[in-house]
Amino acid sequence: MGERTRVLSALIVLALGGCGYHLAGTGVNVPPTAHSIRIEPFVNHTREQGLEVQLRRALEDEFRRHGAVRVVSDGDADLELSGDIRRFTTQPVAFSATDEAVQYQGIMHVGMRLVERATGRVLHETKLLQETQDFGAVSDVVVTSPPHFQRGTLDARDLPNLTAVQLTEARRREAMRELVDQLARDLYLQVMEGF
(Lines give C-alpha, C1' and ligand atoms only; values in the text may rest on other atoms or scores of the structure.)
Protein backbone atom coordinates (compact mmCIF):
# COMPACT_ATOMS: atom_id res chain seq x y z
CA MET A 1 0.00 0.00 0.00
CA GLY A 2 2.95 2.36 0.64
CA GLU A 3 4.18 1.99 -2.96
CA ARG A 4 0.69 2.61 -4.29
CA THR A 5 0.37 5.80 -2.18
CA ARG A 6 3.71 7.11 -3.50
CA VAL A 7 2.70 6.48 -7.10
CA LEU A 8 -0.67 8.15 -6.55
CA SER A 9 1.01 11.15 -4.88
CA ALA A 10 3.46 11.46 -7.76
CA LEU A 11 0.62 11.40 -10.29
CA ILE A 12 -1.28 14.12 -8.40
CA VAL A 13 1.82 16.33 -8.27
CA LEU A 14 2.42 15.85 -12.01
CA ALA A 15 -1.23 16.54 -12.82
CA LEU A 16 -1.33 19.72 -10.77
CA GLY A 17 1.97 20.90 -12.20
CA GLY A 18 0.70 20.32 -15.73
CA CYS A 19 -2.46 22.33 -15.09
CA GLY A 20 -0.60 25.56 -14.43
CA TYR A 21 -0.80 25.51 -10.64
CA HIS A 22 2.12 27.09 -8.82
CA LEU A 23 2.92 28.66 -5.49
CA ALA A 24 2.07 32.31 -4.98
CA GLY A 25 4.98 34.61 -5.79
CA THR A 26 6.60 32.14 -8.16
CA GLY A 27 4.93 33.28 -11.39
CA VAL A 28 6.46 32.34 -14.70
CA ASN A 29 6.55 35.90 -16.09
CA VAL A 30 9.41 37.21 -13.98
CA PRO A 31 12.85 35.64 -14.30
CA PRO A 32 14.63 34.81 -11.03
CA THR A 33 17.39 37.30 -11.90
CA ALA A 34 14.93 40.23 -11.86
CA HIS A 35 15.17 42.26 -8.67
CA SER A 36 13.83 45.70 -9.68
CA ILE A 37 11.05 47.19 -11.78
CA ARG A 38 10.38 50.63 -13.20
CA ILE A 39 6.76 51.53 -13.85
CA GLU A 40 6.37 53.99 -16.68
CA PRO A 41 3.42 56.37 -16.75
CA PHE A 42 0.68 54.74 -18.80
CA VAL A 43 -0.40 56.69 -21.88
CA ASN A 44 -3.81 58.18 -21.07
CA HIS A 45 -6.25 58.10 -24.00
CA THR A 46 -9.19 59.30 -21.86
CA ARG A 47 -10.42 62.75 -20.93
CA GLU A 48 -9.65 62.11 -17.26
CA GLN A 49 -6.66 64.28 -16.45
CA GLY A 50 -4.19 62.69 -14.06
CA LEU A 51 -5.58 59.17 -14.39
CA GLU A 52 -2.17 57.92 -15.55
CA VAL A 53 -0.54 59.40 -12.43
CA GLN A 54 -3.08 57.71 -10.15
CA LEU A 55 -2.56 54.35 -11.87
CA ARG A 56 1.23 54.61 -11.70
CA ARG A 57 1.13 55.43 -7.98
CA ALA A 58 -1.31 52.58 -7.29
CA LEU A 59 0.91 50.14 -9.21
CA GLU A 60 4.03 51.30 -7.38
CA ASP A 61 2.23 50.92 -4.04
CA GLU A 62 1.05 47.41 -4.98
CA PHE A 63 4.55 46.27 -5.97
CA ARG A 64 6.04 47.79 -2.81
CA ARG A 65 3.39 46.14 -0.63
CA HIS A 66 4.30 42.69 -1.93
CA GLY A 67 8.06 43.31 -2.02
CA ALA A 68 8.90 40.65 -4.62
CA VAL A 69 10.84 43.22 -6.67
CA ARG A 70 12.14 46.67 -5.72
CA VAL A 71 10.39 49.62 -7.37
CA VAL A 72 12.76 52.21 -8.85
CA SER A 73 11.65 55.51 -10.31
CA ASP A 74 14.64 56.24 -12.53
CA GLY A 75 17.90 54.61 -13.46
CA ASP A 76 18.39 51.02 -14.36
CA ALA A 77 15.78 48.44 -13.54
CA ASP A 78 15.65 44.79 -14.49
CA LEU A 79 12.03 45.06 -15.62
CA GLU A 80 9.93 47.81 -17.16
CA LEU A 81 6.14 47.94 -16.99
CA SER A 82 4.34 50.22 -19.44
CA GLY A 83 0.91 50.47 -20.96
CA ASP A 84 -2.01 52.61 -21.89
CA ILE A 85 -5.37 53.56 -20.44
CA ARG A 86 -7.74 53.19 -23.36
CA ARG A 87 -11.11 53.99 -21.86
CA PHE A 88 -12.83 55.27 -18.76
CA THR A 89 -16.59 55.72 -18.78
CA THR A 90 -19.46 55.80 -16.35
CA GLN A 91 -22.92 54.63 -17.26
CA PRO A 92 -26.15 54.28 -15.33
CA VAL A 93 -27.09 50.68 -14.52
CA ALA A 94 -30.04 51.03 -12.11
CA PHE A 95 -32.93 53.45 -12.04
CA SER A 96 -35.59 54.56 -9.59
CA ALA A 97 -39.32 54.32 -10.23
CA THR A 98 -39.13 57.85 -11.68
CA ASP A 99 -36.33 56.86 -14.09
CA GLU A 100 -33.61 58.63 -12.14
CA ALA A 101 -30.23 56.90 -12.14
CA VAL A 102 -29.52 55.51 -8.68
CA GLN A 103 -26.50 53.35 -9.52
CA TYR A 104 -23.68 53.76 -12.00
CA GLN A 105 -20.88 51.57 -13.24
CA GLY A 106 -17.38 52.83 -13.94
CA ILE A 107 -15.56 50.94 -16.68
CA MET A 108 -11.85 51.17 -17.42
CA HIS A 109 -9.87 49.46 -20.19
CA VAL A 110 -6.07 49.18 -20.05
CA GLY A 111 -3.34 47.36 -21.91
CA MET A 112 0.13 46.66 -20.51
CA ARG A 113 3.49 45.17 -21.32
CA LEU A 114 6.28 43.83 -19.10
CA VAL A 115 9.74 43.91 -20.68
CA GLU A 116 13.07 42.54 -19.49
CA ARG A 117 15.30 45.57 -20.01
CA ALA A 118 18.60 43.72 -20.56
CA THR A 119 17.28 41.69 -23.49
CA GLY A 120 14.24 43.70 -24.62
CA ARG A 121 12.22 40.50 -24.40
CA VAL A 122 8.50 40.91 -23.72
CA LEU A 123 7.80 38.78 -20.65
CA HIS A 124 4.08 39.45 -20.46
CA GLU A 125 1.56 41.44 -22.46
CA THR A 126 -2.11 42.06 -21.82
CA LYS A 127 -3.81 43.60 -24.83
CA LEU A 128 -6.99 44.48 -22.96
CA LEU A 129 -7.96 44.27 -19.32
CA GLN A 130 -11.39 45.58 -18.33
CA GLU A 131 -12.29 46.47 -14.77
CA THR A 132 -15.66 47.65 -13.51
CA GLN A 133 -16.80 49.31 -10.30
CA ASP A 134 -20.41 50.00 -9.32
CA PHE A 135 -21.29 53.05 -7.27
CA GLY A 136 -24.46 54.75 -6.13
CA ALA A 137 -25.73 58.19 -6.91
CA VAL A 138 -25.93 60.64 -4.02
CA SER A 139 -29.51 61.66 -3.35
CA ASP A 140 -30.55 65.28 -2.97
CA VAL A 141 -27.28 66.68 -4.31
CA VAL A 142 -27.17 68.79 -7.44
CA VAL A 143 -23.88 69.50 -9.14
CA THR A 144 -23.59 73.10 -10.26
CA SER A 145 -21.23 72.39 -13.17
CA PRO A 146 -23.78 71.35 -15.84
CA PRO A 147 -24.23 73.65 -18.87
CA HIS A 148 -27.43 75.25 -17.47
CA PHE A 149 -25.51 76.54 -14.45
CA GLN A 150 -22.47 77.54 -16.50
CA ARG A 151 -24.60 79.53 -18.93
CA GLY A 152 -26.38 81.18 -16.03
CA THR A 153 -29.85 79.96 -17.01
CA LEU A 154 -30.35 78.25 -13.64
CA ASP A 155 -29.64 79.55 -10.18
CA ALA A 156 -30.18 78.45 -6.57
CA ARG A 157 -33.86 79.44 -6.66
CA ASP A 158 -34.45 76.84 -9.38
CA LEU A 159 -33.04 73.95 -7.33
CA PRO A 160 -36.28 72.96 -5.56
CA ASN A 161 -37.93 72.62 -8.98
CA LEU A 162 -35.39 70.12 -10.34
CA THR A 163 -36.66 66.54 -10.40
CA ALA A 164 -33.55 64.69 -11.62
CA VAL A 165 -30.89 63.90 -9.06
CA GLN A 166 -27.45 64.37 -10.61
CA LEU A 167 -24.44 62.28 -9.81
CA THR A 168 -21.88 64.25 -7.82
CA GLU A 169 -18.34 64.52 -8.99
CA ALA A 170 -17.08 63.40 -5.58
CA ARG A 171 -18.78 59.97 -5.82
CA ARG A 172 -17.53 59.43 -9.36
CA ARG A 173 -13.96 60.31 -8.39
CA GLU A 174 -14.14 58.00 -5.36
CA ALA A 175 -15.31 55.16 -7.60
CA MET A 176 -12.52 55.96 -10.06
CA ARG A 177 -9.91 55.70 -7.26
CA GLU A 178 -11.33 52.33 -6.21
CA LEU A 179 -11.25 51.20 -9.83
CA VAL A 180 -7.60 52.26 -10.19
CA ASP A 181 -6.66 50.36 -7.00
CA GLN A 182 -8.49 47.27 -8.25
CA LEU A 183 -6.67 47.55 -11.58
CA ALA A 184 -3.31 47.82 -9.82
CA ARG A 185 -4.01 44.63 -7.84
CA ASP A 186 -5.07 42.73 -10.96
CA LEU A 187 -2.15 43.98 -13.05
CA TYR A 188 0.24 42.96 -10.27
CA LEU A 189 -1.26 39.47 -10.24
CA GLN A 190 -0.92 39.17 -14.00
CA VAL A 191 2.69 40.35 -13.98
CA MET A 192 3.98 38.52 -10.91
CA GLU A 193 1.69 35.53 -10.54
CA GLY A 194 0.79 34.82 -14.16
CA PHE A 195 -2.97 34.96 -13.45
> Looking at CG of Leu179 and CE of Met108, how far apart are the two atoms once the value is rounded to the nearest 0.5 Å?
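So the gap between those two atoms works out to 4.0 Å.
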> Report the C-alpha separation of Leu114 and Val122 in whole Å, then their side-chain angles, then the decisive distance to 0.1 Å, and conclude whether the side-chain contact (heavy atoms from CB on, under 4.5 Å) test is met.
CA-CA 6 Å; Leu114 179 69; Val122 176; over 6 Å; no
> Does Leu183 share a hydrophobic cluster with Val71, counting links as ILVMFWY side-chain heavy atoms below 4.5 Å and allowing steps through other members?
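The answer is yes; both residues are in one hydrophobic cluster.
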> Does Glu40 come within less than 4.0 Å of Arg38, counting only side-chain N to carboxylate O?
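Salt bridge flag = yes for Arg38 with Glu40.
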> Out of curiosity, Met112 CE to Leu129 CG, how far, rounded to the nearest 0.5 Å?
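The distance works out to 7.5 Å.
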> Has Asn44 got a side-chain atom pairing as donor or acceptor with Glu48's backbone, closer than 3.5 angstrom?
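Judged by distance alone, yes, a pair lies under 3.5 Å.
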> Any salt bridge linking Glu60 with Arg56? Criterion: basic side-chain nitrogen under 4.0 Å from a carboxylate oxygen.
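Result for this pair is yes, salt bridge flagged.
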> Got Arg87 and Thr89 here, is their nearest side-chain heavy-atom distance under 4.5 Å?
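Side chain of Arg87 against side chain of Thr89, heavy atoms only: contact under 4.5 Å found.
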> Can a side-chain donor-acceptor contact be found between Thr33 and His35 if the only test is distance below 3.5 angstrom?
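Thr33 and His35 do not have a side-chain donor-acceptor pair below 3.5 Å.
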> Carefully, step by step, assess Arg113 and Leu81 under the rule side-chain contact (heavy atoms from CB on, under 4.5 Å).
CA-CA 6 Å; Arg113 171 184 274 199; Leu81 180 65; over 6 Å; no
> Taking 4.0 angstrom as the limit, do Arg117 and Asp76 come out as a salt bridge?
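A salt bridge links Arg117 with Asp76.
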> To the nearest 0.5 Å, what is the distance between CD (Glu80) and CG (Leu123)?
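Nearest 0.5 Å value for the CD-CG distance: 11.5 Å.
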> Quick one: does any side-chain atom of Thr90 pair with a main-chain N or O of Gln105 as donor and acceptor, under 3.5 Å?
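No.
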> Check the hydrophobic clustering (I, L, V, M, F, W, Y; side-chain heavy atoms under 4.5 Å; chains of links allowed) and say if Val115 and Val69 are grouped together.
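Cluster IDs for Val115 and Val69 differ.
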> Would you sort out whether Gln54 and Arg57 count as a side-chain contact (heavy atoms from CB on, under 4.5 Å), showing the intermediate values?
CA-CA 5 Å; Gln54 289 179 27; Arg57 286 180 184 155; 6.0 Å; no
> Do Val102 and Phe95 make a side-chain contact, defined as non-hydrogen atoms from C-beta onward lying under 4.5 Å apart?
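Not touching, per the 4.5 Å side-chain cut-off.
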> Mind checking the CG-CZ spacing from Asp84 to Phe42? Nearest 0.5 Å is all I need.
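Answer for the CG-CZ pair, Asp84 versus Phe42, is 8.0 Å.
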> Between CE of Met192 and CD of Glu62, what distance do you get to the nearest 0.5 Å?
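Answer for the CE-CD pair, Met192 versus Glu62, is 11.0 Å.
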> Ignoring hydrogens and geometry, is there a side-chain-to-backbone donor-acceptor pair from Asp78 to Ser36 under 3.5 Å?
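Such a contact is found between Asp78 side chain and Ser36 backbone.
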> Measure the spacing between OG1 of Thr46 and CD1 of Ile85 and express it to the nearest 0.5 Å.
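Nearest 0.5 Å value for the OG1-CD1 distance: 6.0 Å.
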> Take a 6.0 Å sphere around CZ of Arg64 and say whether it holds more than 12 heavy atoms from other residues, nucleotides or ligands.
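For Arg64, atom CZ is crowded (more than 12 foreign heavy atoms under 6.0 Å).
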> Show the numbers, then the answer: is there a side-chain contact (heavy atoms from CB on, under 4.5 Å) between Ile107 and Gln91?
CA-CA 8 Å; Ile107 304 168; Gln91 58 190 24; 3.5 Å; yes
> Are the side chains of Tyr104 and Asp134 in touch, meaning some heavy atoms are under 4.5 Å apart?
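A side-chain contact is absent here, since even the closest heavy-atom pair is not under 4.5 Å.
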> Does any N or O in the side chain of Thr126 come within less than 3.5 Å of the main-chain N or O of Leu128, such that one atom is a donor and the other an acceptor?
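Flag not set: sc Thr126 to bb Leu128 has no pair under 3.5 Å.
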> Could you check whether the rings of His66 and Tyr188 sit parallel, tilted or perpendicular, using 30° and 60° as the cut-offs?
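Ring orientation of His66 relative to Tyr188: parallel.
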> Minimum heavy-atom separation for Ala175 and Gln133, please, with both atom names.
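Closest heavy-atom pair between Ala175 and Gln133: O-CG, 3.9 Å.
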